[in-house]
Novice: 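Sharing a structure, written as structure tokens. Questions coming.
Just the heavy atoms: all of them, side chains too, but no hydrogens, waters or symmetry mates, feed the values below. All chains are named by letter (A, B, ...) in the order of the sequence lines, taking the proteins before the strands, and each is independently numbered beginning at 1.
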Amino acid sequence: MKQFAAEVLANEPVAEGYFEMRFAWPQATPPLPGQFISVKSFGTTDLVLRRPFAVADYGSEVAAIIFQKKGPATAMLAGLRAGDSIDVIGPLGNTFPDPGERRPVLVGGGVGLGPILYFGNWLADRGKRPLVVLGFRCSALVPDLAARCRFRAVVCTDDGSEGETGTVIDYLRALPGDELSGSTVYACGPERMMAGCHALAGDRSIDCWVSMEQVMGCGVGACLGCAIPIVEGGGYARVCTEGPVFPSRTVKWTSP
Amino acid sequence: MDLTVKVGRTVLPNPVGVASGTFGYGSEYERLIDLDRVGALFTKAVTIEFRPGNQVPRIVETSSGMLNSIGLANVGVERFIAEKLPFLSTLSCAVFANVAGSSVDEYIEVVERLDPHRLSGYEINLSCPNVKEGCIAFGTSPAQVERLTAAVRARTGAPLVVKLTPNVTDITEIARAAEAGGADAVTCINTVLGMVIDVKTKRTILPGGTGGLSGPGILPIGLAATYRVARAVGIPVFGVGGIMDADGAIQYLLAGASAVQLGTANFADPSTCGRVLDGIVRYMDENGLERVSDFGRFID
Ligand SMILES: Cc1cc2nc3c(=O)[nH]c(=O)nc-3n(C[C@H](O)[C@H](O)[C@H](O)COP(=O)(O)OP(=O)(O)OC[C@H]3O[C@@H](n4cnc5c(N)ncnc54)[C@H](O)[C@@H]3O)c2cc1C
Ligand SMILES: Cc1cc2nc3c(=O)[nH]c(=O)nc-3n(C[C@H](O)[C@H](O)[C@H](O)COP(=O)(O)O)c2cc1C
Ligand code: FES
């Protein structure tokens, strides 16, 4: 983990409201799939908190994030151009654990797309053939996957405007009974989607890992601000330090 | 140029400290900044027992600041000694344990357990409800503050800093009570009571309703409190609240603070404390100041 100024190499819209930023990673420790960075809300004292973003790609000292323009910080990020500089702390947090001999099933949606793409490519580069299922509301939100994926991905849209119709959970539930046996599920996206993966994994008696979100203060384990309720130990865990990746059975789910 | 600041028997190498709850137990920032350049480290609150902390979410950003409701989450004094002290004792800066409790006895017990470990001192966090006496925060009653300070004073010879809450009618009364109870210094200020409501859900964002406001938006509040307290007591004052750069820290020193602490700034940019120290040194150089106490000469 280091703090460094990173040169923005490219910053382009990739789908409606989503951007991909590529930036230089001038430090020895590469970010691994599941890890995130925090970016300073530069240029104003009106925003005091850094913003966390999962790493969406890394190679040859260039890293990427895929982010959704939501509020003031991401609007500012969206306005940056090649040649600008961002203040980064990273890599932060833990990683998606290696699936070993099990078949990796990767499930992504919304702002969870980036880390799932990175993990999918990382696995593909190591000779694995993950089943990757990506969920979107409609086709306008689907980025150019062929340009980004060294694996085949199943696209699901809620309105059926591209790929399979329905949610990623609908798709996974409809797979033949033994299709998921011997798999490990990795999910990142809206809480409802991850809770759905957790429930499915429970039904099929397979492991499931989820990458959680919480508003962060420090991003490095010092403030205890990013706590989420868990079922073991002290009742809470820090997303920035014990996470962001947790075994889904340790998370206290609020969605059904 | 002499950058040291004396608090009781403890000498801080420089006047730039990091505030309780924003710097963990130091090790979290080890790989990010040069901890040798920190003047004093104030730990996260330490209580007798482990405390899981408040419901989530615990943080919400506000304009020019943030609201938090962490709830004194900490590992408890025994694990603090076993797991956190070994690292803290390797640091060259002064280390103060921020002590909290829900009764006078709990504060005393934490201090008694810590005392053999010879920390630089204690910072008594008054922003805790006194469960035995109607759950009113210790820091809001001068009589309680004097009693609590005197009770802890009687148990330790280590420097005692009392941390004041701004959520009172007259903070100078509380500061005087701390001095009367035997405090070696006061810290001014803890967070300001605040609230944020999500108009879409029609609920407060923090589950407990209110939280503590910190960050650049509270600088004028902390500064005025420091200015008034520094004139009400004869002991050193740590100025805290909203410092994001050297200018903010210098304002506190000019207002009468003997040293400063940075809180929220550590979140925005962990390198801030180093830059603040550089800025203070440059300012002293440019203005011909020999020692930190010289800042106090300018404003009546
Ligand atoms: C571990 C982690 C990884 C993330 N990865 C991505 C990613 O790859 N792509 C992406 O688009 N988004 C990601 N996010 C979410 C992203 O951090 C928020 O969308 C961003 O902070 C919004 O900032 P804003 O100022 O634009 O919007 P705001 O209007 O300030 O906030 C919009 C929402 O973002 C969340 N948020 C605000 N401040 C913070 C903060 N300091 N820390 C965490 N969340 C906050 C809150 O839920 C808030 O309601 C991640 C969050 C976490 C915790
Ligand atoms: C997340 C967070 C946790 C805090 N925890 C404590 C604490 O445990 N004890 C304490 O005395 N003050 C605590 N504080 C208050 C700070 O030490 C400081 O007084 C306050 O934040 C004002 O300074 P700032 O504006 O520079 O942040 C906390 C503040 C924040 C933001
Ligand atoms: S954000 Fe501070 S502990 Fe996680």
Novice: Is Gln214(A) reaching over with its side chain to a backbone N or O of Pro57(B), donor-acceptor style, under 3.5 angstrom?
Specialist: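 No: the side chain of Gln214(A) does not pair with the backbone of Pro57(B).
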
Novice: Side-chain contact test, heavy atoms from C-beta onward, threshold under 4.5 Å: evaluate it for Leu224(A) versus Arg58(B) and give yes or no.
Specialist: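 In short, these two side chains touch, coming nearer than 4.5 Å.
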
Novice: By a 4.5 Å heavy-atom criterion (distance strictly below it), what part of Ile59(B) contacts chain A: side chain, backbone, both, or neither?
Specialist: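 For Ile59(B), the contact with chain A is made by backbone and side chain together.
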
Novice: Which bit of Asn266(B) is near chain A, if near means a heavy-atom gap under 4.5 Å: side chain, backbone, both or neither?
Specialist: neither

Novice: Has the side chain of Asp46(A) got a donor or acceptor atom that lies under 3.5 Å from a matching backbone atom of Ser63(B)?
Specialist: no

Novice: Given 3.5 Å as the limit, does a donor-acceptor pair link the side chain of Gln3(A) with the main chain of Asp269(B), or not?
Specialist: no

Novice: Would you say that more than 12 heavy atoms from the other residues, nucleotides or ligands in this model lie under 6.0 Å from the CD of Glu49(B), or not?
Specialist: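 12 or below, so no.
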
Novice: Using a cut-off of 6.0 Å, state whether more than 12 heavy atoms not belonging to Arg113(B) lie near its atom CZ.
Specialist: yes

Novice: Which one wins on heavy-atom pair count under 4.5 Å against chain A: Val75(B), Asn54(B), Asn68(B), Asn74(B)?
Specialist: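 Most heavy-atom pairs within the cutoff with chain A belong to Asn54(B).
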
Novice: Would the number of heavy atoms belonging to other residues, nucleotides or ligands and lying under 6.0 Å from CD of Glu83(B) be above 12?
Specialist: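 Yes, the 6.0 Å shell around CD holds more than 12 heavy atoms from other groups.
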
Novice: Quick one: does Ile89(A)'s side chain get under 4.5 Å of Pro270(B)'s, heavy atoms only?
Specialist: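 Yes - at least one pair of side-chain heavy atoms lies under 4.5 Å apart.
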
Novice: Side chain, backbone, both or neither: which part of Ser271(B) has a non-hydrogen atom closer than 4.5 Å to chain A?
Specialist: both

Novice: If you count heavy-atom pairs under 4.5 Å between each of Pro52(B), Ser64(B), Gly21(B) and chain A, which one has the most?
Specialist: Ser64(B)

Novice: About how many Å separate NZ of Lys40(A) and CZ of Phe267(B), when rounded to the nearest 0.5 Å?
Specialist: 14.5 Å

Novice: Given side chain to side chain contact (heavy atoms under 4.5 Å, CB included), test Cys218(A) with Tyr29(B) step by step and report yes or no.
Specialist: CA-CA 10 Å; Cys218(A) 65; Tyr29(B) 285 96; 3.5 Å; yes

Novice: Go through Ala227(A), Ser38(A), Gly219(A), Pro229(A) and name the one with the most non-hydrogen pairs under 4.5 angstrom from chain B.
Specialist: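 So the answer, after comparing Ala227(A), Ser38(A), Gly219(A), Pro229(A), is Ala227(A).
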
Novice: Is Leu32(B) close to Val220(A) at the side-chain level, that is, under 4.5 Å between some pair of heavy atoms?
Specialist: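 Yes, their side chains come closer than 4.5 Å.
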
Novice: Can you tell me how far CE of Met66(B) sits from SG of Cys223(A), rounded to the nearest 0.5 angstrom?
Specialist: 6.5 Å

Novice: Please rank Ile228(A), Val215(A), Leu49(A) by heavy-atom pairs under 4.5 Å with chain B and give me the top one.
Specialist: Leu49(A)

Novice: If I take atom CD from residue Glu61(B) and atom CG from residue Leu47(A), how far apart are they, to the nearest 0.5 angstrom?
Specialist: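 If we round to the nearest 0.5 Å, Glu61(B):CD and Leu47(A):CG are 5.0 Å apart.
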
Novice: Checking heavy atoms, do the side chain of Phe50(B), its backbone, both or neither come under 4.5 Å from chain A?
Specialist: side chain

Novice: Check whether Asp245(B) gets within reach of chain A through its side chain, its backbone, both or neither, counting any heavy atom under 4.5 Å.
Specialist: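 Neither; nothing under 4.5 Å.
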
Novice: Take atom CZ of Arg137(A) as the centre, draw a 6.0 Å sphere, and report whether it contains more than 12 heavy atoms from other residues, nucleotides or ligands.
Specialist: no

